[in-house]
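All ligand and atom numbering here is 1-based and tracks the order in the structure. Model, not experiment: these values are computed from the prediction. Below, all heavy atoms of this structure are taken into account, side chains as well, without hydrogens, waters or symmetry copies.
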Amino acid sequence: MRSSRPATSPRSSRSPFTSSGRSSRPRLRARPAVLLAGAAVVGALLTAGAGTARAADAPLRDLAAAQGKAMGTAVTGSKLTGTYGDIAGREFSWLTPGNAMKWGSVEPAQGTFDWAEADRIVNFAEAHDQDVRGHTLVWHSQNPSWLTDGSWTPARLGTLLHDHIDTEVGRYKGRVAAWDVVNEPFNEDGTYRSTLWYDGLGADYIADALTWARAADPAARLYINDYNVEGVNAKSTALYDLVKSLKERGVPIDGVGLQAHLILGQVPSTLQQNIQRFADLGVDVAITELDVRMQLPSDSAKLARQAADYQAVMNACLAVTRCTGATVWGFADSDSWIPDTFPGQGAATPYDENYAPKPAYRAIAEALGGTTTEPPTGACTAAYSVTGQWNTGFTGQVRIACSGAALSSWKVGWNFGAGQQIAQAWNATCAQSGAAVTCSNASYNGTVPDGGSVTFGFNGSWSGSNPVPTVTLG
Ligand code: G2I
């Protein structure tokens, strides 16, 4: 289903991408009642006594809309099916392609374009009434080698950049609400970063890029985006001075993106003050790449600290009208850049590797005015997720986890609601009769200790749709 909204309709009625930073129509969409605690998965609880269902709390995007804000996530286009797609569509009102719109992705060979993943994300966003934050047009990284290895006169380099902006912004004209036009232009000390662009074109590559982007899509909100600019410091002050001078010169600049790749316990104390000073310049501010990394393994104390950090960031944004919202840089720990870049660190996002919401998820919801229901202590839970899906097949998994309780054997059941059939299971014995599936432990994995978990998987077939069933553990 595609959005019925014409591509040219004004966004001011549906998006926090307005000059005031507030949405006049909060997104309050009906949600299926079976969703539990905004969770990625439908879980079943087995407590010492009666099984207690968790309350159906509102998705983050609805909570954010009620505050005039957006809640976003970076996504990978190829993953937008199964549980990952369910969460991306349900919980978020902004999508940022994590890599799909970078120059190296869209024009791997000069004049040869690949828009497949970017198109997929934009189509998904429209089908889910979401806005897209385009990322990113001018950067020193993830450029195609034909560009970085070439030898260009300044005039030719400027033409290449102009054409790139024209082509990409023009392609998505009316469909991308905001662009990170320029990404990461500064060094930590506030001087300009030496890049292909700065070295070849001088500092005015920034003004030129913004001007070209405005010409290619006058309705898109145009941002400069950087990291380590969340608090008041030399780098954020350089960004502030740049935005101020661009405004004075009449260069089109609508917002600044504070990436917010944060370290556990290190939310800058001047975050709100910094957001406010940009807002006072007359630009929007967005938190664009939020994550909070920690040394692995995570534990409950670190996860609680992380929840407080997420909440502090949300509160700072909520306190400033022109802060339009926050985007997390991947919503699940299995889809985060952190472990690759910082070996030994991770667990930086609001969902764990099995798409179960973490304390950080609940902290975001609560900052946005929502209520969340913690699972009761002393429970074992079963969580079903689709980990992969193709034409007619899919792979699913169920994770049984205990906290304050333990199991010596287990049996999990569910009803497939759309004709799905299990073909083959591992780490469990499964049987299907009509829609009803029951799976019990294998000889070697009946024991789930307090604090431990067991996962089993299966391949199945589907057609039409593949909804996540409600699982019972008993
Ligand atoms: O580095 C974190 C972010 C900092 N701000 C700008 C963002 O654009 C940037 O995102 C990350 C992506 O999340 C990573 O996924 O940018 C990285 C590159 O600097 C991305 O990493 C790259 C890997 O380096 C490649 O090896 C890989 O092929 O992701 C590519 C696609 O998975």
Give me the residue, atom name and distance of the protein heavy atom closest to [atom].
atom: atom 5 (N) of ligand 1; answer: E289 OE1, 2.7 Å
atom: atom 11 (C) of ligand 1; answer: K102 NZ, 3.7 Å
atom: atom 20 (C) of ligand 1; answer: N99 OD1, 3.4 Å
atom: atom 22 (C) of ligand 1; answer: Q142 NE2, 3.8 Å

Quiz item: What about W139: any of its N or O atoms under 3.5 Å from an N or O on ligand 1?
Solution: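 W139 vs ligand 1: no N/O contact under 3.5 Å.
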Quiz item: Does the side chain to side chain contact (heavy atoms under 4.5 Å, CB included) test come out yes or no for Q272 and V320, once each step is laid out?
Solution: CA-CA 7 Å; Q272 183 182 326; V320 181; 4.0 Å; yes
Self-check item: Plane angle bin for F342 and W337 - parallel if under 30°, tilted between 30 and 60°, otherwise perpendicular
Solution: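 The arrangement is perpendicular - the two ring planes meet at more than 60°.
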Exercise. Return yes if a side-chain donor-acceptor contact under 3.5 Å exists between T349 and D291, otherwise no.
Key: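 T349 vs D291: no donor-acceptor pair found between side chains.
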Practice problem: Determine whether the side chains of Q259 and N183 contain a donor N or O and an acceptor N or O closer than 3.5 Å. | Solution: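 Indeed, the side chains of Q259 and N183 share at least one donor-acceptor pair under 3.5 Å.
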Under 4.0 Å to a heavy atom of [X] - the qualifying atoms of ligand 1, by number:
X: N183; value: 6 (C)
X: E184; value: 4 (C), 5 (N), 6 (C)
X: W329; value: 3 (C), 7 (C), 8 (O), 9 (C), 10 (O), 11 (C), 12 (C), 13 (O)

Answer yes or no for [atom]: protein heavy atom present at a distance under 4.0 Å?
atom: atom 16 (O) of ligand 1; value: yes
atom: atom 27 (C) of ligand 1; value: no
atom: atom 24 (O) of ligand 1; value: no

Quiz item: Is it the case that more than 12 heavy atoms not belonging to K244 sit under 6.0 Å from its NZ atom?
Solution: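 No, the 6.0 Å shell around NZ holds no more than 12 heavy atoms from other groups.
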Quiz item: Under 6.0 Å from the six-membered ring centre of F113 and within 45° of its axis: does the NZ or CZ of R171 meet both?
Solution: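 Judged by the rule (NZ or CZ under 6.0 Å from the ring centre, within 45° of its axis), R171 is not positioned above F113.
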Quiz prompt | K235 NZ to N228 CG distance, which is reported to the nearest 0.5 Å | solution =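 Rounded to the nearest 0.5 Å, the NZ-CG separation comes out at 5.0 Å.
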Quiz item: Any Lys/Arg nitrogen of D254 or R214 sitting under 4.0 Å from an Asp/Glu carboxylate oxygen of the other?
Solution: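 R214 and D254: salt-bridged.
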